[in-house]
Amino acid sequence: MMNSIRDEIRFLLSGRGMPYQKVAFTVAIFVTIFFTLTLGNNISRNLPIGIIDLDNSKYSHEIVEKINSSPCMKVSTIIYSAVDPNTLFYEDKCVTVVVLPKDLEKDRYSQTATNIGVFYDNTNTALTADIRDALNEIVADENLTINGAIEESTGDSISQGMTLNTRNLFNPSNSSSNGESQGFLFFFSSMFFVFATIGMVPRLRIEGKLEEILKKGTLFDILLRLVPYSVILLTALFVGMAILRVANDMVFSGSIILFFVTQIFYISAVGIMSILFGWTAANPGVAASRMILFIPGGFIFGGQSGPLADLLDWVRIGSHFFPLVWEYKFVRDIMMRGAGFWDIANEFGGFLIYIGVLLIVFCYVFLRSRKSALCKINKT
C-alpha cells in the first residue's frame with residue numbers, strides 16, 4: 001500500500017503529468033485574489049441609457065437630467081427623432097432606452113396622463129434590476145411633485161399622472177434557452193475544443209514531427225492541423241443551437257450567414273490561442289491544465305454569469321483578452337438583437353485586430369522555435 005503511494009508521488013513530481021501540486025495552490029491563490037479585485041464592484045454604476053426625446057422641451061430636458069443624476073444610470077445617447085430603439089442596444093451601447101413622448105411638457109402642465117416608453121435589454125435579467133427601481137422612483141417623485149403643485153393651486157389632485165410603459169426586448173419570457181443553456185453551450189464546446197487541440201504541439205514534439213516541421217515546413221503545417229477540430233466544433237455548435245431553437249424557444253433574430261462567418265473567425269482565434277498556450281508544455285497532459293488560463297475567464301467576464309455593468313472599467317477592457325468575451329458579444333448582437341454587419345462593424349473590426357495580434361504572436365513563436373532548432377543542428 002505504501003509503495004503505491006510513494007510510486008504515485010514520484011510520478012506527480014516527475015513532470016510527466018499535470019503538475020497538480022503547483023496547479024492546486026496557484027488556482028486557490030489566483031481565484032481568491034484576482035476575482036476579489038475584479039468582481040469587487042458589487043453594484044451597478046453608470047449604466048448606459050439611451051434617450052429618444054420626441055418632445056425636446058425644457059421639461060423633457062429636466063427628466064433627462066434626473067435620469068443622468070441617478071448613481072446607477074448615465075445618459076450615453078440622446079436622439080430627438082423617432083428611431084428603432086433596438087439599434088441603440090447593438091454592441092452593448094445601451095442597456096435601457098427611454099422614450100419621452102411628444103407633448104410631454106404640455107401634458108405635464110395640463111394635468112393629462114402621460115406614458116413614458118421604456119425598453120429594457122433582457123439578455124441578462126439581472127442587468128436592469130437597479131434601473132427599473134431608479135426609473136420607478138423618478139416617476140413616483142414627479143407624480144408627487146405634480147400632485148403637490150395641483151393641490152396647492154386648486155385643492156384637487158389627479159389620480160394618474162406619469163406612468164412607465166415598459167417592454168422587455170430580446171428575451172421577453174426570460175427563457176433559459178437564451179441565457180444559461182446558450183451560455184453553457186458555447187462555454188463547454190470551446191473548453192473541450194481546447195482540450196483536443198492544446199496538446200497538439202507537445203504531441204508533435206514527442207513524436208519527433210515538430211522538429212521536421214520547424215526545419216522544413218511552414219507555420220501552416222501546424223495551423224492547418226486545426227481544421228478537422230474546427231469543422232467538428234462548428235457543426236456541433238449549430239446542432240446544439242438547432243436543438244435549443246426547435247425543442248425550446250431560443251431566439252435567433254439575425255442573419256445565420258453572418259453568425260456563421262463570425263464563428264469561423266472565433267474558432268480560429270481559440271485554436272491559435274490554444275496552440276500558443278500549449279507550445280512550451282512538456283506533454284499533452286501538462287498542456288491541458290493551461291486551458292483554465294483563457295477559457296473560463298471569458299465565461300465569467302463575458303456577461304453570461306453576471307451583468308457586465310458590475311465589472312470595473314479596467315476589467316471590462318482587459319476582458320477582451322478572452323476569446324469567449326467576443327463570442328458572447330456576437331451571440332447577443334446577431335442572435336438575440338438581430339444586428340446586421342454594419343451594426344457590429346466596429347466590434348467585428350476590433351475582433352479582426354485581435355486575431356491579427358494572435359497571428360503575429362504565433363509567427364514570432366514559430367520563427368523563434370525554428371531558429372532554436374536550426375542552431376541545435378548547426379552545433380551538432
Side-chain angles (χ1 to χ4, degrees), residues 48 50 77 79 82-97 119-124 127 167-190 193 226-227 229-272 298-299 302-304 308 320 322-356:
T77 304
I79 299 175
V83 297
D84 183 359
N86 287 18
T87 60
L88 302 183
F89 291 99
Y90 297 151
E91 298 181 341
D92 296 320
K93 293 188 185 78
C94 297
V95 298
T96 297
V97 174
F119 297 85
Y120 293 109
D121 182 351
N122 213 40
T123 55
N124 190 310
L127 182 63
R167 183 180 176 187
N168 296 322
L169 299 180
F170 315 127
N171 185 22
S173 61
N174 295 331
S175 169
S176 62
S177 295
N178 296 308
E180 294 85 355
S181 300
Q182 188 184 84
F184 285 129
L185 168 65
F186 294 102
F187 171 56
F188 283 111
S189 296
S190 300
F193 172 76
L226 292 171
V227 171
Y229 303 98
S230 300
V231 171
I232 292 172
L233 173 59
L234 186 63
T235 305
L237 287 176
F238 276 84
V239 168
M241 287 187 291
I243 293 173
L244 290 178
R245 183 71 180 93
V246 175
N248 295 302
D249 52 356
M250 186 192 79
V251 172
F252 200 116
S253 303
S255 167
I256 192 169
I257 296 176
L258 177 59
F259 189 72
F260 180 85
V261 172
T262 61
Q263 295 314 287
I264 293 175
F265 284 99
Y266 165 70
I267 294 172
S268 300
V270 176
I272 296 170
F299 181 78
Q304 291 301 121
L308 289 173
H320 289 86
F322 303 106
L324 259 178
V325 169
W326 297 94
E327 174 76 333
Y328 288 134
K329 284 177 176 288
F330 295 136
V331 168
R332 288 192 295 270
D333 276 340
I334 301 173
M335 288 180 58
M336 303 186 71
R337 296 169 182 154
F341 175 77
W342 293 112
D343 298 316
I344 61 166
N346 292 335
E347 190 171 90
F348 189 69
F351 187 53
L352 292 181
I353 294 174
Y354 172 79
I355 295 176

So, for [X] and [Y], which heavy atoms are closest and what is the spacing to 0.1 Å?
X	Y	result
Arg245	Met250	CD-O, 3.0 Å
Phe170	Asn122	CD1-N, 4.4 Å
Ala269	Tyr354	CB-CE2, 4.2 Å
Leu324	Gly298	CB-CA, 3.6 Å
Ile334	Ser255	CG2-O, 3.7 Å
Gly302	Arg332	O-NH1, 2.8 Å

Self-check item: Validation row, ring centre Phe186 to ring centre Phe299 under 6.0 Å
Solution: no
Tell me, please, which residues at least two apart from [X] pass side chain to side chain contact (heavy atoms under 4.5 Å, CB included).
X	value
Asn346	Glu91
Thr77	Ile79, Leu88, Cys94
Phe260	Leu234, Phe238, Ile264

Quiz prompt | Parallel, tilted or perpendicular, as decided by the 30° and 60° cut-offs, for the rings of Phe351 and Phe348 | solution = tilted
Going from [atom1] on [X] to [atom2] on [Y], what distance comes out if it is rounded to the nearest 0.5 angstrom?
X	Y	atom1	atom2	answer
Leu185	Leu237	CG	CG	5.5 Å
Thr262	Phe341	OG1	CZ	11.0 Å
Met241	Ile256	CE	CD1	6.5 Å
Ser189	Ile267	OG	CD1	9.5 Å
Asp343	Asn86	CG	CG	10.0 Å

Hey, does [Y] have a side-chain heavy atom less than 4.5 Å from the side chain of [X]?
X	Y	result
Met335	Phe259	yes
Phe187	Tyr328	yes
Leu226	Ser268	no
Val331	Gln182	yes

Are the side chain of [X] and the backbone N or O of [Y] linked by a donor-acceptor pair below 3.5 Å?
X	Y	result
Trp326	Tyr266	no
Tyr120	Arg167	no
Thr87	Asp84	yes

Quiz prompt | salt bridge (Lys or Arg N to Asp or Glu O under 4.0 Å) involving Arg337 - partner list, sequence neighbours excluded | solution = Asp92, Asp121, Asp333
Exercise. Return the set of residues passing side chain to side chain donor-acceptor pair (under 3.5 Å) with Thr96 (not counting sequence neighbours), or none when no residue passes.
Key: none
Quiz prompt | Those residues that, when tested against Gln263, pass side chain to side chain donor-acceptor pair (under 3.5 Å) (two or more places apart) | solution = Glu327
